[in-house]
Amino acid sequence: MLFRDAILLLALGPLVYYVLTLWASSAYFRSKKQGLSVRLNYTPPASILKPVRGLDREAYENFASFCQLDYPEYEVLFCVLDPDDPAVSVIEKLQADFPDRRIRLLMGAPAIGASGKVNKLCRLVHEASYDLLVISDSDVRVEPNYLREVAAPFADPKVGAVTVFFRSLIDGSMGATLDAAGSAVEFAASALLARRLEGIHFTLGATMATTKERLAEIGGFKVLANHYVDDYELGNRIAQHGYRVELARTPVHMVYPRENLLQFLRHELRWTIGLRNVRPGGHVAIGFTFGLPWTILAVLAAPSTVVAAFYVLAYLMLRFAVYLTVGVWGLQDAVVKRNWWLAPLRDLANFGVWVASFFINRICWRGLDFQVRQGLLIPVELAQGESALFSFNLDAGGPMAEGKLGTAREKGIELPDPLVDFAAQANIAAFASGKSASTGDD
């Protein structure tokens with residue numbers, strides 16, 4: 001009897017969470033649609049920074065969207081490490097197609113730490129002409145008003161960083177559909193709850209905007225060069241210095257690759273392994289916010305058909321309400337509009353991945369195998385060496401395991417950008433643990 005009552009009580013937790021996210025999300029999107037606190041006439045010169053490696057789907061269209069912005073003065077800077085990177089020819093075409101736009105391509109970056117992305121950002125910041133810095137991932141596509149809306153919050157000197165939600169563009173594959181149908185909704189809903197309760201203490205790789213002055217106050221990107229989730233660290237450190245992190249009004253588009261179901265699950269697993277290593281307490285807390293498994297347990301423990309039906313109907317109604325309110329009404333995401341009914345399947349996949357993440361530390365990324373240790377990525381061939389080589393300094397920007405890591409770079413092994421964009425999971429964990437939200441970058 002006591003065990004049954006405990007199950008029924010715990011199964012109410014996810015339902016309460018859904019109600020709270022609906023409350024926070026509805027209030028935010030209502031105020032946004034009413035146009036509150038919008039100052040799009042603040043347009044300081046801006047530098048758009050694009051650290052690039054390889055080509056994402058529709059890369060030219062993604063890059064070109066940043067060259068067609070309705071903004072008086074800005075530049076677009078790209079950085080690649082390898083002159084043979086396939087992105088180089090795309091960027092050169094961009095320069096030819098937009099001769100009136102200031103587009104610069106930088107080759108190479110100092111090997112400050114393990115993150116290739118952050119190494120590139122260190123050089124991009126140094127080369128940037130303007131104080132306002134706007135950074136986004138290469139799979140992002142924006143609308144002409146993007147830069148005006150990102151710059152507008154900086155009219156308030158108390159704002160230290162700006163980030164943005166995203167909606168999805170897919171090519172129709174099942175894995176991408178399942179991925180896109182849930183990622184934007186889960187991130188936005190949980191982030192808005194965190195915003196309502198304590199404010200936003202992170203930025204997202206879809207857009208990380210700050211100023212050179214604010215960046216210098218936290219030590220620059222070099223202090224993040226060995227961190228797993230640089231976008232979370234950037235926003236969190238700026239917030240710790242007493243500045244606000246704000247949201248731009250219009251979501252960007254995330255262009256998803258063509259994925260099958262197995263690739264989607266591997267993608268989710270990489271995110272969740274990252275969360276377990278960076279925030280183990282928050283990772284455990286996620287288990288108390290999974291609606292579908294708790295609903296199944298409640299049905300099995302229910303003393304009557306009426307009680308069982310209550311849990312099933314409450315779960316389905318609230319879960320669908322979150323997807324429709326956040327994804328369709330709020331984000332105006334066409335993928336969610338077509339596929340909101342996939343929410344229970346997405347929940348089932350997330351729960352399975354969460355369980356699996358307790359038993360796996362090894363991931364594969366772009367043909368290379370890595371172990372995740374202390375929130376950092378370690379190439380397997382290096383991780384199998386002497387453990388003394390890996391004495392990580394999470395707060396310093398200097399090279400990690402200098403001897404072996406240097407050898408790896410000489411061999412042409414580029415350590416990847418941080419892999420995790422576990423925004424939704426991290427923000428759910430933030431609510432469950434009472435801590436600030438966390439995101440990452442894929």
message: Would you say that Leu269 contacts Ser357 through its side chain, given a criterion of any heavy-atom pair below 4.5 Å between the two side chains?
response: yes
statement: Smallest heavy-atom separation, Leu55 atom then Ala87 atom, equals CD2-CA, 3.5 Å
query: Heavy-atom distance under 4.5 Å between the side chains of Ile238 and Ile218, does that happen here?
result: yes
- prompt: Once you round to the nearest 0.5 Å, how far does CG of Leu9 lie from CH2 of Trp294?
  reply: 9.5 Å
message: Before you tell me yes or no, could you show the steps for Met208 and Thr163 under side chain to side chain contact (heavy atoms under 4.5 Å, CB included), namely the whole-Å CA-CA distance, both residues' side-chain angles and the distance that decides it to 0.1 Å?
response: CA-CA 5 Å; Met208 302 185 291; Thr163 194; 5.6 Å; no
field: Lys/Arg cation over aromatic Phe66: Lys50, 6.0 Å, 45° cone
entry: yes
Test side chain to side chain contact (heavy atoms under 4.5 Å, CB included) applied to Arg141 and Glu58, step by step: CA-CA 10 Å; Arg141 191 176 304 175; Glu58 300 180 6; 2.5 Å; yes
message: If we count only N and O atoms by modelled type, under 3.5 Å, do the side chains of Ser138 and Asp56 hold a donor and an acceptor together?
response: yes
task: List the atom of Val118, the atom of Ala225, and the distance in Å for their closest heavy-atom pair.
output: CG1-CA, 3.6 Å
message: Donor-acceptor pair, distance only, cut-off 3.5 Å: does the side chain of His201 make one with the backbone of Gly235?
response: no
- prompt: Side-chain donor-acceptor pair under 3.5 Å between Asp179 and Gln263, yes or no?
  reply: no
- prompt: Charged N to carboxylate O under 4.0 angstrom, Arg319 versus Glu186?
  reply: yes
task: For the pair Lys117 and Asp230, find out whether any cationic side-chain nitrogen is under 4.0 Å from an anionic carboxylate oxygen.
output: yes
query: Within a reach of under 6.0 Å around CH2 of Trp23, are more than 12 heavy atoms found that belong to other residues, nucleotides or ligands?
result: yes
message: Ignoring hydrogens and geometry beyond distance, is a side-chain donor-acceptor pair present between Glu75 and Ser47 at under 3.5 Å?
response: yes
message: Around atom CE of Met174, are there more than 12 heavy atoms from other residues, nucleotides or ligands closer than 6.0 Å?
response: yes
- request: Indicate yes or no: does Arg346 engage Glu268 in a salt bridge with an N to O separation below 4.0 Å.
  value: yes
query: Does a side-chain heavy-atom distance below 4.5 Å link Tyr71 with Pro44?
result: yes
query: Would you say the side-chain atoms of Asp347 and Tyr315 include a donor-acceptor pair closer than 3.5 Å?
result: yes
- prompt: Which class fits the ring pair Phe187 and Phe166: parallel under 30°, tilted 30 to 60°, perpendicular over 60°?
  reply: parallel
task: Would you please test Tyr146 and Thr207 for side-chain hydrogen bond (donor to acceptor under 3.5 Å, both in side chains) and show each step?
output: CA-CA 10 Å; Tyr146 166 75; Thr207 290; 2.7 Å; yes
task: Enter the distance from Lys337:NZ to Ser168:OG here, rounded to the nearest 0.5 Å.
output: 15.0 Å
- prompt: Are the side chain of Thr289 and the backbone N or O of Ile286 linked by a donor-acceptor pair below 3.5 Å?
  reply: yes
- prompt: Side chains of Val326 and Thr21: does their closest heavy-atom pair fall under 4.5 Å?
  reply: no
- prompt: From Glu246 CD over to Arg195 CZ, what is the distance, rounded to the nearest 0.5 angstrom?
  reply: 6.5 Å
message: Is it the case that the side chain of Asp85 and the backbone of Gly54 share a donor-acceptor pair, with hydrogens and angles ignored and the cut-off at 3.5 Å?
response: yes
message: Against Glu143, only a single residue in Arg249, Arg167, Arg148 fulfils salt bridge (Lys or Arg N to Asp or Glu O under 4.0 Å); can you say which?
response: Arg167
- prompt: Between Phe351 and Phe290, is the ring centre distance below 6.0 Å?
  reply: yes
field: Side-chain touch Leu247/Val164, heavy atoms, less than 4.5 angstrom
entry: no
Side chain to side chain contact (heavy atoms under 4.5 Å, CB included) evaluation trace for Val336 with Tyr323: CA-CA 7 Å; Val336 179; Tyr323 270 59; 4.3 Å; yes
Trace of the side chain to side chain contact (heavy atoms under 4.5 Å, CB included) decision for Ile7 with Arg4: CA-CA 5 Å; Ile7 292 294; Arg4 183 194 70 185; 5.8 Å; no
message: What's the separation between atom CD1 in Ile91 and atom SG in Cys79, rounded to the nearest 0.5 Å?
response: 9.0 Å
- prompt: Is the ring centre of Tyr17 less than 6.0 Å from the ring centre of Phe288?
  reply: no
message: Measuring only between side-chain heavy atoms, which start at C-beta, is Pro144 closer than 4.5 Å to Gln68?
response: no
- prompt: For the residue pair Trp340 and Phe320, is the inter-centroid distance of their aromatic rings smaller than 6.0 Å?
  reply: yes
task: List the atom of Tyr311, the atom of Thr295, and the distance in Å for their closest heavy-atom pair.
output: O-CG2, 3.7 Å
field: Side chain to side chain, Phe29 and Leu192, heavy atoms closer than 4.5 Å
entry: yes
field: Electrostatic pair Lys212:Asp131 at N-O distance under 4.0 angstrom
entry: no
message: How long is the straight-line distance from CG of Leu234 back to CG of Leu215, given to the nearest 0.5 Å?
response: 6.5 Å
query: Considering all heavy atoms of both residues, which atom of Ala314 and which atom of Leu15 are nearest to each other, and what is their separation?
result: CB-CD1, 3.9 Å
statement: Between the CD1 atom in Ile200 and the CG atom in Asn236, the distance rounded to the nearest 0.5 Å is 12.5 Å
task: Check the side chains of Thr210 and Tyr243 for a donor-acceptor pair under 3.5 angstrom, ignoring hydrogens and angles.
output: no
query: So with a 6.0 Å cut-off around CZ of Arg266, is the heavy-atom count from everything else above 12?
result: no
- prompt: Just checking, any donor-acceptor pair under 3.5 angstrom between side chains of Thr177 and Asn339?
  reply: no
field: Shortest non-hydrogen contact between Val299 and Ala308, atoms and distance
entry: CG2-O, 3.9 Å
task: Please report the shortest heavy-atom distance between Leu132 and Pro45, naming the atom on each side.
output: CB-O, 3.6 Å
- prompt: Are any non-hydrogen side-chain atoms of Val125 and Phe221 less than 4.5 angstrom apart?
  reply: yes
